[in-house]
Amino acid sequence: MRILVTGVAGFIGFNVARVLLARGDTVIGIDSLNAYYDVTLKHARLALLAESGEAFTFAQVDFSDHEALDGALDGQQFDRIVHLGAQAGVRYSIENPRAYLQSNLAGHLNLLEVARHRKVEQMVYASSSSVYGGNDTLPFRVEDRVDQPLSLYAATKKADELMSETYAHLYRLPQTGLRFFTVYGPWGRPDMAMWLFTKAIYEGRPIDVFGEGRMRRDFTYIDDIVSGIVACLDNPPADDGMVKAGGSISPHRIYNIGNSRSEDLGEMISLIEQACGKPAERRLLPMQPGDVRDTFADISAIQRDLGYEPRTTIVEGVPRFVAWYRAYHGL
Ligand SMILES: NC(=O)c1ccc[n+]([C@@H]2O[C@H](COP(=O)([O-])OP(=O)(O)OC[C@H]3O[C@@H](n4cnc5c(N)ncnc54)[C@H](O)[C@@H]3O)[C@@H](O)[C@H]2O)c1
């Protein structure tokens, strides 16, 4: 298959592209290489993908600019799209709301237009567990109402799901929206808690623990996320009028992809301490604006439809992340 992967220099996009290339697919990757976090890491990921030779092509483009996007894709053929590029991060959306408007709203629409005009077989796109906002019925189910987002980031992800539903209805464009739950692992993101804690512990600095350490997260290991994305990519939803996960009767389904275990933040920190062989000095701080206290994924829909099973607990996954972190930084 020939697959367009957006956000290919990002954490999840890179890991998906690696698996697709390893199984013999052709990957057309695009990314703006924005400076939200260290661009060196994005270049290092791209350098690894480039080792696949001609099966991988890359264009640096901002997909919120539709003319630039059309220009970058001119002459490229692809059957399916995995749209993972976005302005990520809850806290950054408080200070930089317009970055989310551009990348997540204009960008999502531009990818939908590409998918529609190219008549692709399916677009799989990233949503987020943050759409559940302050919902307090756990675990979160794709059937739950998600109309009270706590951050602009979450609001843009919910808006993406709505735009996708309209395109599935009007143009019968098959799509799968994936609500990811706190993804971590090798080649991860420097703005996320696990990376920040590991870095601070190695540097002998205190770690900032928001929510006084009482937050819980459904942590999902990157390999489990990638296997879920690839299973969705390989099995587009049928246009059969049947009700899909998330409630659509168009060819559009929405799944949670999590580990389906809600873990205490303190437990995650203890595992990092063990893997680093150093104790952390915890600085307990209140919840940050936009943060959600607990997340916990009901994954029964993707289990039922695609046989998805997460395999990696944080007891195995955290040491793997720390080992990668140490190797990457030559520690
Ligand atoms: N990592 C998580 O825990 C998590 C959780 C929920 C949802 N998500 C979603 O999953 C997707 C992938 O996240 P990630 O963790 O790999 O993030 P990431 O920041 O590592 O990757 C996103 C990539 O998209 C690129 N990008 C951003 N705006 C762009 C634009 N306008 N044009 C072209 N490229 C652009 C960035 O340069 C970056 O390389 C995102 O949609 C994110 O919102 C991630």
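From a predicted model like this one, the values you see are computed outputs, not experimental measurements. Numbering of ligands and ligand atoms starts at 1, following listing order.
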**Prompt:** Does Arg179 count as lying over the ring of Phe140, i.e. NZ or CZ under 6.0 Å from the six-ring centre, within 45 degrees of the axis?
**Reply:** no
**ligand 1 versus Thr182: contacting region, heavy-atom distance under 4.0 Å** = backbone
**Val146 with Val90, same ILVMFWY side-chain cluster at under 4.5 Å** = no
**Asked** Is the ring centre of Phe63 less than 6.0 Å from the ring centre of His83?
**Response** yes
**Request:** Check the side chains of Asp160 and Tyr125 for a donor-acceptor pair under 3.5 angstrom, ignoring hydrogens and angles.
**Result:** no
**Item:** Pair Asp79 + Arg2: basic N to acidic O under 4.0 Å
**Value:** no
**Complete:** Closest heavy-atom approach to atom 10 (O) of ligand 1 among Tyr125, Phe11, Phe180, Tyr184 is made by Phe180
**Prompt:** For atom 12 (C) of ligand 1, which protein heavy atom lies nearest, and how many Å away is it?
**Reply:** Leu84 O, 3.1 Å
**Residue portion contacting ligand 1 (non-hydrogen atoms closer than 4.0 Å) for Val61** = backbone
**Request:** Report the nearest protein non-hydrogen atom to atom 21 (O) of ligand 1: residue, atom name, distance rounded to 0.1 Å.
**Result:** Gly10 CA, 3.3 Å
**Item:** Side-chain H-bond candidate by donor/acceptor type, Thr156 with His108, under 3.5 Å
**Value:** no
**Prompt:** For Tyr36, is at least one N or O under 3.5 Å away from an N or O on ligand 1?
**Reply:** no
**Message:** Residue-level breakdown please: for Leu33 versus ligand 1, do any non-hydrogen atoms fall below 4.0 Å on the side chain, on the backbone, on both, or on neither?
**Reply:** backbone
**Asked** Got the closest protein heavy atom to atom 17 (O) of ligand 1, with its distance?
**Response** Arg189 CD, 3.4 Å
**Request:** For Tyr153 and ligand 1, answer yes if some heavy atom of the residue is under 4.0 Å from a ligand atom, otherwise no.
**Result:** yes
**Message:** I want to know if ligand 1 touches Ala126 in the polar sense, i.e. an N/O pair below 3.5 angstrom.
**Reply:** no
**Message:** Can you confirm whether the side chains of Glu267 and Ser270 place a donor and an acceptor under 3.5 Å from each other?
**Reply:** no
**Asked** Just wondering, do Asp234 and Met1 contact through their side chains at under 4.5 Å, heavy atoms?
**Response** yes
**Message:** Can you tell me which portion of Lys157 lies within the under-4.0 Å heavy-atom range of ligand 1? Options are side chain, backbone, both, or neither.
**Reply:** side chain
**Prompt:** What residue and heavy atom of the protein are closest to atom 32 (N) of ligand 1, and at what distance?
**Reply:** Phe63 N, 3.0 Å
**Asked** For ligand 1, does Tyr37 get within less than 4.0 Å through its side chain, its backbone, both, or neither, judged by non-hydrogen atoms?
**Response** side chain
**Asked** Just heavy atoms, cut-off under 4.0 Å: does Lys42 contact ligand 1 by side chain, backbone, both, or neither?
**Response** side chain
**Centroid-centroid under 6.0 Å between Trp187 and Tyr328 rings** = yes
**Message:** Please compare Ser127, Ser130, Ala193, Gly85 and report which has the shortest non-hydrogen distance to atom 7 (C) of ligand 1.
**Reply:** Ser127
**Prompt:** With only distance considered, is Phe181 within less than 3.5 Å of ligand 1 through an N or O on each side?
**Reply:** no
**Message:** Please state which option from Ala9, Ser32, Gly7 has its nearest heavy atom closest to atom 29 (C) of ligand 1.
**Reply:** Ser32
**Prompt:** Side chains of Glu113 and Tyr167: is there a donor and an acceptor less than 3.5 Å apart?
**Reply:** yes
**Straight-line distance of Leu84 CG to Ile229 CD1, nearest 0.5 Å** = 5.0 Å
**Asked** For ligand 1, is there an N or O atom under 3.5 Å from any N or O atom of Asp62?
**Response** yes
**Request:** Starting from atom 16 (O) of ligand 1, find the nearest protein heavy-atom neighbour and note its residue, name and distance.
**Result:** Ile12 N, 2.8 Å
**Exercise: do Tyr36 and Asn96 side chains pair donor with acceptor under 3.5 Å** = no
**Nearest-neighbour protein heavy atom for atom 3 (O) of ligand 1, which is reported as residue plus atom name and distance** = Val183 N, 2.8 Å
**Prompt:** N/O to N/O below 3.5 Å, does that happen between Gln87 and ligand 1?
**Reply:** no
**Message:** Whether Lys42 engages the ring of Tyr37 as a cation-pi pair (distance to the six-membered ring centre under 6.0 angstrom, angle to the ring normal within 45°) should be assessed.
**Reply:** yes
**Request:** Check whether any side-chain N or O of Ser127 sits under 3.5 Å from a backbone N or O of Gly177 as a donor-acceptor pair, and report yes or no.
**Result:** no
**Message:** Give me the residue, atom name and distance of the protein heavy atom closest to atom 39 (O) of ligand 1.
**Reply:** Asp31 OD2, 2.7 Å
**Heteroatom proximity flag, Met192 to ligand 1, N/O under 3.5 Å** = no
**Prompt:** Any idea which protein heavy atom is nearest atom 27 (C) of ligand 1, and the distance to it?
**Reply:** Ala86 O, 3.2 Å
